[in-house]
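Since the structure comes first, as structure tokens, the remarks are kept for the end.
Bear in mind the structure is a predicted one, so any value in this text is a computation, not a measurement. Counting starts at 1 for both ligands and their atoms, in listed order.
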Amino acid sequence: MEAQNERYSRQILFRGIGREGQQRLAAARIAIVGCGATGSALVNLLARAGVGSLRIIDRDYVEPSNLQRQSLFDEADAAESLPKAIAAAAKIARFNSEIAVEARAEDLVPGNVQALLEGVDLILDGTDNFETRYLINDFAVRQSIPWIYSAGVGSYGVTMNIVPSKTACLACIFPDSPRGMVETCETSGILNSAVNLVASIAATEALKILVGGVGAPSLRRTLLSFDLWTNDRAEISAAQPRPGCRACGERDFIHLAGEGRPHITLCGRNSVQIHERQRPISFAELDERLRPHGMVRHNDFVLKFWRDPYEMTLFPDGRAIIKGTSDPAVARSLYARYVGS
Ligand SMILES: [Zn+2]
């Protein structure tokens with residue numbers, strides 16, 4: 001306890017937290033979905049702040065182009081193509097070994113959302129796509145778990161707290177994927193400062209909820225957006241659910257029912273993800289088998305296989321990310337040829 005008090009002494013001194021608030025943080029369980037730029041910053045802040053239990057869910061692996069903004073990762077992680085969830089957990093263990101971290105290198109989909117998100121007090125959004133956000137929203141509204149939406153692109157950031165049945169939910173504000181957000185980090189780039197600001201705001205709101213509950217008076221009840229380059233800033237009220245909202249009004253959770261989505265084309269990156277659960281793969285065996293067909297390399301977490309112009313990254317559960325094509329049919333056929341149909 002003494003060591004705890006020392007580690008968090010500057011935060012305990014802050015009157016919004018105090019000793020009791022710090023104990024609540026230690027007892028809290030959160031999930032962070034997506035550990036890219038925003039997710040890294042959220043994880044870094046909340047793990048250092050002493051949130052007792054973090055579940056980090058991410059489907060991707062570390063690449064050199066991530067290092068400009070994804071603050072938990074380094075060149076060694078990229079050289080090994082480590083799954084981001086695994087690399088993040090290893091990094092946290094070096095600055096706060098006293099909290100529990102669960103790394104899940106998985107894609108959040110309707111089939112696993114219950115297993116991956118149940119039992120947490122709060123869900124944080126570090127994803128880069130609306131499909132996953134609508135899935136989080138449906139699950140959070142159904143289970144009545146608060147969550148915080150965050151997004152960034154270019155020099156722009158946006159965030160909103162969602163307290164089911166008290167505030168607006170994501171579908172209240174955006175009944176369909178917003179058109180203004182079709183810009184992605186792949187096409188518009190992103191400033192690391194915009195990501196860090198949006199994560200700082202969301203992490204602070206998370207502390208308010210974890211310490212003071214969803215009724216905390218200082219909890220923001222707006223959709224807040226800003227552009228750090230133009231200095232524009234806007235806030236719209238999200239204090240009330242929208243009558244007739246598909247999710248929180250009619251409780252029609254269409255995204256939870258979306259079983260069996262076969263492929264996902266990743267955000268403008270000329271790559272396709274293939275879901276193949278229930279296909280546990282022996283990396284050593286596959287490495288041997290692929291050797292005559294191209295360059296292959298594996299560690300405990302990923303196997304990479306290069307065959308021009310494609311690059312395939314396989315995870316132990318059989319999931320694959322194939323770079324060099326945006327055509328699901330091409331990706332499917334490569335997978336069938338080299339891994340199995
Ligand atoms: Zn709603």
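Remark: the backbone N or O of Asp77 is paired with a side-chain donor or acceptor of Asp74 at under 3.5 angstrom.
For the pair Arg291 and Asp287, the salt-bridge criterion is met [side-chain N within less than 4.0 Å of a carboxylate O].
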Pairs under 3.5 angstrom only: tabulate donor-acceptor contacts from the side chains of residues 34-45 to other protein residues two or more places apart or in another chain.
residue, atom, partner, partner atom, Å
Ser40, OG, Gly36, O, 2.9
Asn44, OD1, Arg48, NE, 2.8

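Atom CD of Glu102 has more than 12 heavy atoms from other residues, nucleotides or ligands within 6.0 Å.
In this structure, the ring of Tyr310 has its center no less than 6.0 angstrom from the ring center of Phe305.
The tally of protein N/O/S atoms under 2.8 Å from the Zn ion (ligand 1) stands at 4.
The aromatic rings of Phe315 and Tyr61 lie tilted to each other, with the angle between the two planes from 30° to 60°.
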